[in-house]
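The next block holds one structure in the form of structure tokens; read it before the comments.
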Protein chains: 2
Amino acid sequence: MQDTKERIISLADQLIKTRGYNAFSYKDISDPLEIKNAAIHYHFPTKTDLGIAVVDIEVERFTTQTAKLAAQPEDKQLKFLFDTFNKKNKEGMVCLMGSLSPDYETFPTVLQEKVTSMSSAFLDWTAGCLERGREKGLFRFDGDAYDRALLVMSNLLASLLLSRVMGNKIFGRITNQLLKDLNAKK
Amino acid sequence: MQDTKERIISLADQLIKTRGYNAFSYKDISDPLEIKNAAIHYHFPTKTDLGIAVVDIEVERFTTQTAKLAAQPEDKQLKFLFDTFNKKNKEGMVCLMGSLSPDYETFPTVLQEKVTSMSSAFLDWTAGCLERGREKGLFRFDGDAYDRALLVMSNLLASLLLSRVMGNKIFGRITNQLLKDLNAKK
DNA sequence: TTGCTTACTTACTTACAAGTAAGTAATTTT
DNA sequence: AAAATTACTTACTTGTAAGTAAGTAAGCAA
């Protein structure tokens, strides 16, 4: 029955990405899973513990997925990142960072630190990918790779947020233009 | 005593931009203003009514401010937009769009519509500014002006969110690179 | 000067979020 | 076979969010 725990995390993950951390309650999880709210407290004593688990799983998933792609050319690797966001957009979700960052100040320190280190992990990977890709002539951009990674991440993150408000075609318009700008050709 | 109403809106605006819509309560307003929560309900029967007022004021402020700048060259106009965001960053706030969009699905339709039309107003203005600026040779960018406005808005919005999580120097790194990219020179 | 409106307060209610204490059935360990 | 552990449920408690009904003091209007 260990998969109750995984189902709780998975539903919490969904709820955060669709409605936001401060807008979901244990009832939103216990009802669909047909368990009692105390069962959630058994696995995750506090909501913060659950939030931490969601962030940890997200980072793990990102780490294993990107590790699998490490041998591929950097433009393919970056495409994986865009595809991940595109999938979220189709599902009506925003990314975990986009959902958690506005609520950051309401979090206890332990959760804030998790969010910050998740953000670092994403940015470091993206910066590395862009840097190596530029060296190989796969990308063309000015300035520091880390600064460019900040721009790319912020565009991806915000494109999901704007899509939610302005309709989901917005996502493609932003990412297409973003990819064109990075493209080495011409 | 009409300014109680204005103080309520102003505090709600701050609370949304620092802690998020679903994380503040009438008590967070009534305590510092030294009034009773029922006094807020007198002016704003529901929390939705208060949210709508906050959005309306934001759009009004934007409209009057940009109208004042209409005669200036477009690069100065765009600088005003960046300065506005820079000010929020210094105050530890995110923008209203960045705060409200993740919670969008938890809003009743009337508030959703307000958020969407606020977003439209910002994007339309930015697209117009970029388009005219490009024609005059003040900006240099590829593609549709509206698509470019989407990129600029998404970078500004997300730079405040990322700054919150990664430290507020992030804002300058993103916006500097963004302005360099748009700059017509070289 | 009576009545109406404005801007509140007092004192509730209802609902629900978060968490806990104690118990239990099923499995695993010793 | 007894003891401990796992994965829960039952049945609470505490706190707070959102909203409301009824009252009131001050100002103005006829």
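Just so we're clear, the structure is a prediction, and the values are computed from it rather than from any experiment. Residue numbers start from 1 in every chain, and the chains themselves are labelled A, B, ... in the order their sequence lines are given, proteins ahead of strands. Atoms considered below: every heavy atom in the structure, side chains included; atoms not considered: hydrogens, waters and symmetry mates.
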Is the distance between the ring centroids of A/Tyr21 and A/Phe107 under 6.0 Å?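 So the answer is yes for these two rings.
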Nearest whole angstrom, please: distance from the [atom2] of [N] to the [atom1] of [X].
{"X": "B/Lys27", "N": "D/dG19", "atom1": "NZ", "atom2": "C1'", "value": "17 Å"}
{"X": "B/Ile35", "N": "D/dT24", "atom1": "CD1", "atom2": "P", "value": "21 Å"}
{"X": "B/Tyr26", "N": "C/dT9", "atom1": "OH", "atom2": "C1'", "value": "17 Å"}
{"X": "B/Arg19", "N": "D/dA17", "atom1": "CZ", "atom2": "P", "value": "11 Å"}
{"X": "B/Ile8", "N": "C/dA7", "atom1": "CD1", "atom2": "C1'", "value": "10 Å"}
{"X": "B/Ile29", "N": "D/dG19", "atom1": "CD1", "atom2": "P", "value": "12 Å"}
{"X": "B/Asp31", "N": "D/dA17", "atom1": "CG", "atom2": "P", "value": "10 Å"}
{"X": "A/Asn37", "N": "D/dT14", "atom1": "CG", "atom2": "C1'", "value": "14 Å"}

OP1 or OP2 of [N] versus the side-chain N and O atoms of [X]: is any pair under 4.0 Å?
{"X": "A/Thr4", "N": "D/dA7", "result": "no"}
{"X": "A/His43", "N": "D/dT6", "result": "no"}
{"X": "B/Lys47", "N": "D/dA18", "result": "yes"}

Quick one: is the NZ or CZ of A/Lys5 closer than 6.0 Å to the six-membered ring centre of A/Phe44, and within 45° of its axis?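 Yes, a cation-pi geometry.
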Mind telling me whether B/Phe80 and B/Phe62 have parallel, tilted or perpendicular rings, with 30° and 60° as the class edges?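 It falls in the tilted class, 30° to 60°.
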Are more than 12 heavy atoms from other residues, nucleotides or ligands located less than 6.0 Å from atom NZ of B/Lys136?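 More than 12 heavy atoms, drawn from other residues, nucleotides or ligands, come within 6.0 Å of this atom.
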Of the options [options], whose atoms approach the side-chain atoms of [X] most closely?
{"X": "B/His41", "options": "D/dA18, C/dA17, C/dT20", "value": "D/dA18"}
{"X": "A/Lys36", "options": "C/dA17, C/dT20, D/dT10", "value": "D/dT10"}
{"X": "B/Ala38", "options": "D/dT10, D/dA21, D/dG19", "value": "D/dA21"}

Given that B/Glu34 and A/Phe44 both sit by DNA chain C, which one's nearest nucleotide is further toward the 5' end?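 Mapping each residue to its closest nucleotide by heavy atoms, the 5'-most match is B/Glu34.
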A/Tyr42 near the nucleic acid: base, sugar-phosphate alone, or nothing, with a heavy-atom cut-off under 4.0 Å?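 It contacts base atoms.
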Does the side chain of A/Met153 reach to within under 4.5 Å of the side chain of A/Leu157, using non-hydrogen atoms?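 No, every pair of side-chain atoms sits at 4.5 Å or beyond.
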